[in-house]
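Below is one structure; the comments refer to it alone.
This is a predicted model, so every value here is computed, not measured. Basis for what follows: all heavy atoms, side chains included, without hydrogens, waters or symmetry-related copies.
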Number of protein chains: 2
Amino acid sequence: MNQAAKQPTTLEYAILGLLALEPRSGYDLLNVFRTTAIGNYSSSPGAIYPALGRLEKRGLITGTVDHMQTLRPKKIFQPTSMGDETLRRWLASEIAKDDVKRHLDELLLRFAFHSLLDAAASRAFLRGLAVKVDEYVAELRAQRKIFPKEAPPHGRMAFELGLQHYVSCARWARKALRHFEEQS
Amino acid sequence: MNQAAKQPTTLEYAILGLLALEPRSGYDLLNVFRTTAIGNYSSSPGAIYPALGRLEKRGLITGTVDHMQTLRPKKIFQPTSMGDETLRRWLASEIAKDDVKRHLDELLLRFAFHSLLDAAASRAFLRGLAVKVDEYVAELRAQRKIFPKEAPPHGRMAFELGLQHYVSCARWARKALRHFEEQS
DNA sequence: TCGCACATGTAACGTGTTACATGATTCA
DNA sequence: TGAATCATGTAACACGTTACATGTGCGA
């Protein structure tokens with residue numbers, strides 16, 4: 001009801017996105033997190049069930065009990081219209097500089113749910129991502145010189161892998177962008 | 001004093017490692033985190049000063065006040081012998097499967113401080129890392145088929161970047177391993 | 001004298017982690 | 001009958017985030 005509602009956490013957004021793709025129970029979600037790559041974002045019942053409770057309390061999802069199953073009744077959740085709107089706003093929101101530095105995985109999660117938006121939104125997202133990642137790559141390259149030549153190489157080697165990670169992310173974003181431009 | 005002391009957090013290990021490379025004050029650490037790539041692991045005074053306090057209380061670091069400066073006195077911290085040992089144990093410890101899945105960045109941090117150990121330890125670490133990452137890559141490749149062909153490509157595209165990240169990590173580990181094998 | 005860099009903290013808050021608890025249903 | 005799977009939770013705990021508080025010394 002209030003305008004300036006609290007921002008959901010990454011886990012809550014992940015749940016919201018999964019429920020937008022397909023209504024599910026808490027246990028279903030648990031299995032998705034346990035068996036697929038999205039499990040990088042979470043984990044155990046101790047996180048998921050409370051998160052579902054919060055989302056429901058804030059009116060972003062609703063649960064309906066399904067008695068029709070032979071097994072114990074499940075509570076199937078799906079986003080409300082407000083939840084859907086919150087999710088879409090998140091998916092399309094500006095990419096902050098800090099997100100690239102410290103929450104690149106969350107940006108990837110955002111893109112993963114972009115099938116809920118149109119191709120124009122995906123293009124905007126990928127363009128923004130490429131630019132911001134490039135900026136950060138430039139910063140990192142400037143930092144290279146802080147590693148003295150004669151010092152042990154370990155720090156620098158770890159740094160190089162980190163840098164490479166961002167470089168391939170930028171390349172990925174541009175390649176993905178081409179994909180969405182071709183089918184315009 | 002007690003044997004089964006609590007495991008430090010990633011941030012605490014990062015601080016311990018930085019102090020092992022060179023004694024520093026809290027403010028110095030703050031600047032390192034703010035200006036270099038290690039800042040991915042932290043952040044603000046609100047995390048660093050309490051972490052320093054915990055490390056000191058557990059006897060892993062000691063601080064000595066430096067009055068000799070013209071400015072306000074700084075408290076310079078350095079690892080105790082116990083802290084040094086704790087750090088080395090962490091650096092050389094077995095790589096758990098879950099670490100690769102969800103804490104790859106922490107593994108990179110560990111390697112970055114491997115200059116405190118010998119080349120044999122680095123080789124063991126890199127060999128273990130390559131094996132574990134390969135295992136996880138195999139798992140991920142098996143997951144590829146859950147993406148239906150006709151469905152929107154976004155999820156799969158994000159997945160591919162994640163997979164690529166692990167692939168290049170394995171490649172990096174082997175390349176680094178060769179480096180440490182050549183100079184044996 | 002105004003503001004910035006230096007330097008060190010504290011308090012509230014929410015959330016993830018870990019571990020535990022519960023009970024129904026299916027299958028061996 | 002017992003074990004494994006289905007299904008949903010709760011409680012303690014510590015940690016990171018955010019925001020705030022405090023005070024010195026230096027240069028414009």
Side-chain angles (χ1 to χ4, degrees), chain A residues 4-15 23-35 38-58 61 63-77 96 98-99 101-103 105-106, chain B residues 4-15 23-35 38-58 61 63-77 96 98-99 101-103 105-106:
Chain A
K6 222 170 97 83
Q7 267 247 107
T9 62
T10 304
L11 173 58
E12 286 163 1
Y13 276 127
I15 290 174
R24 290 169 166 96
S25 70
Y27 190 70
D28 293 336
L29 287 169
L30 215 56
N31 283 330
V32 173
F33 282 111
R34 203 165 41 76
T35 59
I38 208 176
N40 281 317
Y41 299 94
S42 181
S43 57
S44 40
I48 291 175
Y49 284 106
L52 281 170
R54 290 194 298 269
L55 289 169
E56 196 176 21
K57 193 159 56 180
R58 289 177 210 157
I61 61 175
T64 57
V65 178
D66 178 8
H67 283 287
M68 299 300 104
Q69 298 298 105
T70 48
L71 289 176
R72 187 182 175 181
K74 313 167 81 168
K75 202 171 176 187
I76 308 287
F77 293 97
D98 194 66
D99 289 341
K101 271 196 186 185
R102 303 196 51 196
H103 306 293
D105 51 347
E106 191 182 312
Chain B
K6 222 169 96 83
Q7 267 247 107
T9 62
T10 305
L11 173 59
E12 285 164 1
Y13 276 126
I15 290 174
R24 290 170 166 96
S25 70
Y27 190 69
D28 293 336
L29 286 169
L30 213 57
N31 282 331
V32 173
F33 282 111
R34 204 166 40 78
T35 59
I38 208 177
N40 280 318
Y41 299 96
S42 180
S43 57
S44 41
I48 290 175
Y49 284 107
L52 281 169
R54 291 193 299 269
L55 288 169
E56 196 175 23
K57 192 158 58 181
R58 288 176 211 158
I61 63 175
T64 59
V65 178
D66 178 9
H67 283 289
M68 298 302 104
Q69 299 298 106
T70 48
L71 288 177
R72 186 181 174 181
K74 313 165 81 166
K75 200 170 178 188
I76 309 288
F77 293 97
D98 193 66
D99 289 339
K101 271 195 186 187
R102 303 197 51 196
H103 306 293
D105 51 345
E106 191 183 314

> Closest nucleotide of DNA chain C for B:His103 versus for B:Gly26: which of these residues is on the 5' side?
Replying inline: B:Gly26
> Looking only at side-chain N and O atoms, does B:Arg54 come under 4.0 Å of OP1 or OP2 in D:dG16?
Replying inline: yes
> For the side chain of A:Leu30, counting heavy atoms from C-beta on, which of C:dT18, D:dT8, C:dT10 is nearest?
Replying inline: D:dT8
> Can you find a heavy atom in the side chain of B:Lys74 that is under 4.5 Å from one in the side chain of B:Asp28?
Replying inline: yes
> Can you check the A:Lys101 NZ to D:dT17 C1' distance for me, whole Å?
Replying inline: 17 Å
> Would you say B:Ser25 reaches C:dT8's phosphate, i.e. side-chain N/O to OP1/OP2 under 4.0 Å?
Replying inline: yes
>> Taking the minimum atom-to-atom distance to the side chain of A:Leu11, which one of C:dG16, D:dC15, C:dT15 wins?
In response: C:dG16
> Does A:Lys6 make a side-chain N or O approach to OP1 or OP2 of C:dT15 shorter than 4.0 Å?
Replying inline: yes
> Atom OH of A:Tyr13 and atom C1' of C:dT15: how far apart are they, to the nearest Å?
Replying inline: 15 Å
> Tell me: CZ of B:Arg34 to C1' of C:dC6, nearest whole Å?
Replying inline: 11 Å
> Taking C-beta and beyond as the side chain, do B:Phe33 and B:Ile38 meet within less than 4.5 Å on heavy atoms?
Replying inline: yes
> Is B:Gly46 touching bases, backbone alone, or none of the nucleic acid, heavy atoms closer than 4.0 Å?
Replying inline: base
> Under the 3.5 angstrom rule, does the side chain of A:Tyr41 hit a backbone N or O of A:Asp105 as a donor-acceptor pair?
Replying inline: yes
> Between C:dG14 atom C1' and A:Leu55 atom CG, what is the distance in whole Å?
Replying inline: 14 Å
> If you check the A:Arg102 side chain, which of D:dT17, D:dC15, D:dG9 turns out closest?
Replying inline: D:dT17
>> Rounding to an integer number of Å, can you tell me how far B:Phe33 CZ sits from D:dT17 P?
In response: 11 Å
> Taking OP1 and OP2 of C:dG14, is either one under 4.0 Å from a side-chain nitrogen or oxygen of A:Thr9?
Replying inline: no
> What is the distance, rounded to the nearest whole Å, between atom CD1 of B:Ile48 and atom C1' of D:dT18?
Replying inline: 14 Å
>> Just the rounded figure in Å: distance from C1' of C:dT15 to CD of A:Gln7.
In response: 15 Å
> Where do B:Pro50 and B:Pro45 come nearest, in terms of heavy atoms and distance?
Replying inline: CD-O, 3.5 Å
> Does A:Lys6 come within less than 4.0 Å of A:Glu12, counting only side-chain N to carboxylate O?
Replying inline: no
>> Check this one for me: any side-chain N or O of A:Tyr27 less than 4.0 Å away from OP1 or OP2 of D:dC6?
In response: yes
>> Output the rounded distance in Å from OH (A:Tyr49) to C1' (C:dA19).
In response: 16 Å
